[in-house]
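Dropping a structure here in structure tokens format, bear with me for questions.
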Amino acid sequence: MIEEMRKLLLSLVTFFTAASVSADDIPLYLDDNADIEARIEDALSRMTLNEKIAMCHAQSKFSTPGCPRLGIPEIWFSDGPHGVRMEFDWDDWTHAGWTNDSCTAMPALTCLAATFNPALSFEYGKAVGEEARFRKKDVILGPGVNIYRTPLSGRNFEYMGEDPYLTSEMVVPYIKGVQLNGVAACMKHFVLNNQEKYRDHVNVNVSERALNEIYLPAFKAGVEKGGVWAVMGSYNKFKNQFCSHNDTLINQILKKEWGFDGVMITDWGSAHDTYQSAMYGLDIEMGSWTNGLTWGVSSAYDNYYMAEPLKRKIRDGEIPESVLDDKIRRILRLSFRTNMNRFRPYGSFQTEEHAQVAQKVAEEGIVLLKNKDNFFPVAPGRYKKIAVIGENAVKRLTQGGGSSELKPKVEISPLQGLRDLYGDAVEFSLGYASGEPNYSYELPSPYNADSLRTAALELAARADVVLFIGGLNKNFTQDCEGDDRRFYHLPFGQDELINDLVKVNPNTAVVLLSGNAVEMSWLEDVPAVMQSWYLGSYGGCALANVISGKVNPSGKLPFSYPVKLEDGSAHYFGEESYPGVDGQVYYKDDILVGYRWFDTKKIKPLFPFGYGLSYTGFDYGKLSADKREYAPADTVKLSMEVANVGKTDGAETVQFYVSQKNPSIMRPAKELKGFKKVFVKAGEKANVEIEIPVASFAFYDEAERKWVVEDDTFTIHAAASSADIRESVNIKVKNKK
Ligand code: BGC
């Protein structure tokens, strides 16, 4: 048996190193699972009450103790989700200062989503999992799959955009890639953590329908298709109950309906009550703020809700021990899958393969938003003097932002990437400065804004071309955990600077590094705009390759950009709908989030979901379906040709949206139900084939509490973005009578 497992493992490792895999091919476990349940029962039967209690809560900032007497190892956690975070002191938030914990920083999850490439997501997860394993971590705290509802949310960069289908498709291979290493992914933040403002107490009022159609699907996919081993609760409340111990969400939906057999972990400090933690589904309590809770006991961890207080309630008979046993079974299962999995590989760290994955994701995720008169690509030699202006050309954007901060071994800045390509043609000026990242307040910049601006304008005036590299950063109230952005426009005086730069040199393009949409009051005045994200260790190389044309951009936006904030669904309804009033936020946009809102309400976004230009052009052939009429259990087989009609090889993501003709209830104008990214050589054609289950056309019927596909005509659109439908086909759905 052991030899068979070893062979299987070896063949899997070779297989998954190959370029493209379908998520369905990836197995969930490497260990011989058959006897795990018996071993769990055996271990459980040997444990004392004290030993069990110890397993349910932290012993340090990032670990739980296992059961040393029985040889059950400690469980070690690490953030997540863009690489393995640096080490911390045992009991506080001080960086431990190790010299062997510098990781490969992957691009942020928004960038991964913008690739629309699930095979790359698998490679990404596998690389992060290998690094986590090498660093002796058992659980990686990610990926994050909360839905992008407002461009102000400070953590959108850690998530995968506004569409539940895209997010679901991208999260499953990530999880499988991580877990192939015997390292658990911990999908977060379950659920409705769609804003950072008031995150620690706000109660989210959302309809059952929106919960099921918009906010839950990615979590459900992660559990049912990804087989995720851990889930992290969010800080906020749902039904006035904290989400980390929430009967409806955890007991009823996650564990019962979806059959989740893994471990439910708090966000750090999101437990608030012993009885509720025990009874409403929480398995491990981490990070509780114990100051003020101490009763003179030696260790503060003893005062966690799931420590001594839980033991007392069990002893008093207020909470049955069977409830605790269920938690221990789950925790032991996690151990058998990770730190007691005899077949798990050893991992690897900072490898060339990881570097390649990081760079590939960055290159495929960058989105070209505007390109008048072929401003891009800027081929080497085309211009004598290239002015690079803007702080994000040099700022270390893997730092800050909260828990996703990283200490990468390599971080190639855009300026360095551009200098490597264009050499002495590049001259740099900072232009503006923002101050250092800080989690609780904004630090003023030590630079003088006027002199920075003057120097930048002087450089721009004598350059042949200007690349302004700005955007947001990881400072508090930018793309950062713990609070939201305060406004939609660019910070640190960048809008004014761009306006001035264009005046002295109209040949100025804007490159934005951010995890969020921003207002672009200057859009008409600049010839070109490129959306770059936080691109990780090799971001500078990736960006330079796209700018120069070595790589043809193929990223598509994973979220819509409103012209102004109030155009977006969350802000349209005022304060109650975002950020909430008196501790309550009402999702009045309901199911109409992102492009569902813009399309249905006929509001034109600045840039639509799914949008992104290429250095080549693509023509779509006729879209055909295999039949005209389907039953709800059928699959629609679609095919069409895509032709690359330009002079450059490139990739196109064909998006398939579905509209229902005469629904009995309000439905969005259309919804994404499939996509395919195809690489097509210049002048050639590719065949795009996709199968879409008719069941995915369903809406959630609140009264019946079930998914319903109605008898009706449905239109399937093949589109280059949510606002660029190229081809459509009508089909009929008939339920059997
Ligand atoms: C974040 C989590 C993170 C945890 C541990 C919390 O503040 O919300 O996403 O995993 O800290 O660092």
Side-chain angles (χ1 to χ4, degrees), residues 57-64 75-96 101 103 108-110 128 132 135 137-146 153-160 171 174-175 178 183-202 218-219 222 228-237 242-244 263-272 282-290 301 304 398-407 437-440 474 476 479-484 515:
H57 62 275
Q59 63 167 356
S60 76
K61 276 273 168 278
F62 283 103
S63 69
T64 55
I75 297 174
W76 278 90
F77 305 80
S78 174
D79 287 295
H82 307 138
V84 191
R85 199 177 183 185
M86 66 287 263
E87 299 295 330
F88 281 82
D89 280 359
W90 184 262
D91 200 19
D92 61 43
W93 288 107
T94 312
H95 294 156
D101 58 349
C103 65
L109 291 190
T110 29
V128 171
R135 288 264 309 277
K137 306 300 177 194
D138 306 305
V139 181
I140 189 93
L141 302 172
V145 290
N146 294 97
S153 177
R155 280 188 102 169
N156 281 335
F157 72 100
E158 284 185 67
Y159 303 142
M160 300 201 216
V171 72
Y174 179 115
I175 292 168
V178 169
V183 171
C186 180
M187 192 167 48
K188 64 193 190 184
H189 307 90
F190 190 64
V191 61
L192 299 166
N193 187 180
N194 309 100
Q195 62 192 59
E196 288 297 284
K197 199 174 174 75
Y198 307 151
R199 72 169 177 177
D200 57 338
H201 67 275
V202 74
F219 288 98
V228 76
W229 294 335
V231 171
M232 182 190 288
S234 58
Y235 285 117
N236 49 281
K237 296 179 196 164
F242 282 103
C243 289
S244 293
V263 169
M264 181 71 199
I265 302 173
T266 51
D267 198 339
W268 268 229
S270 67
H272 296 271
L282 182 63
D283 300 313
I284 297 183
E285 177 188 2
M286 300 296 294
S288 292
W289 181 248
T290 50
Y301 294 99
Y304 272 34
T398 53
Q399 291 177 2
S403 57
S404 64
E405 64 172 356
L406 292 172
K407 182 169 113 184
N438 190 287
Y439 299 144
S440 49
K474 302 284 189 67
F476 192 61
D479 282 327
C480 182
E481 179 178 340
D483 206 343
D484 287 346

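First listed ligand is number 1; within each ligand, the first listed atom is number 1. Here, residue 1 is the first one in the sequence, and each next residue gets the next number.
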Please name all residues satisfying salt bridge (Lys or Arg N to Asp or Glu O under 4.0 Å) with Glu285, sequence neighbours left out, ordered by chain then number.
none
With Lys407 via salt bridge (Lys or Arg N to Asp or Glu O under 4.0 Å) - residues at least two apart
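For Lys407 the salt bridge (Lys or Arg N to Asp or Glu O under 4.0 Å) partners, ignoring immediate neighbours, are Asp101.
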Could you report the tightest heavy-atom contact between Val228 and Met187, atom names first, then the distance?
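Here Val228 and Met187 meet closest at CG1-CE, 3.7 Å.
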Suppose we screen for salt bridge (Lys or Arg N to Asp or Glu O under 4.0 Å). Which residues come up paired with Asp267, at least two apart in sequence or across chains?
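Checked Asp267 against salt bridge (Lys or Arg N to Asp or Glu O under 4.0 Å); zero matches.
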Show me a pair-per-line table, with atom names and distances to 0.1 Å, of protein N or O atoms that are under 3.5 Å from an N or O of ligand 1.
from     : atom 1 : to     : atom 2 : distance (Å)
ligand 1 : 7 (O)  : Tyr235 : OH     : 3.1
ligand 1 : 7 (O)  : Glu481 : OE2    : 2.5
ligand 1 : 8 (O)  : Arg155 : NH1    : 2.7
ligand 1 : 8 (O)  : Asp267 : OD1    : 3.2
ligand 1 : 8 (O)  : Asp267 : OD2    : 2.6
ligand 1 : 8 (O)  : Glu481 : OE2    : 3.3
ligand 1 : 9 (O)  : Arg155 : NH1    : 3.4
ligand 1 : 9 (O)  : Arg155 : NH2    : 2.8
ligand 1 : 9 (O)  : Lys188 : NZ     : 2.9
ligand 1 : 9 (O)  : His189 : NE2    : 2.8
ligand 1 : 10 (O) : Asp79  : OD1    : 2.5
ligand 1 : 10 (O) : Lys188 : NZ     : 3.1
ligand 1 : 12 (O) : Asp79  : OD2    : 2.5
ligand 1 : 12 (O) : Arg85  : NH1    : 3.2

How long is the gap from SG on Cys480 to CZ on Phe157, to the nearest 0.5 Å?
7.0 Å
Using 30° and 60° as the class boundaries, would you call the ring planes of Tyr304 and His57 parallel, tilted or perpendicular?
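It falls in the tilted class, 30° to 60°.
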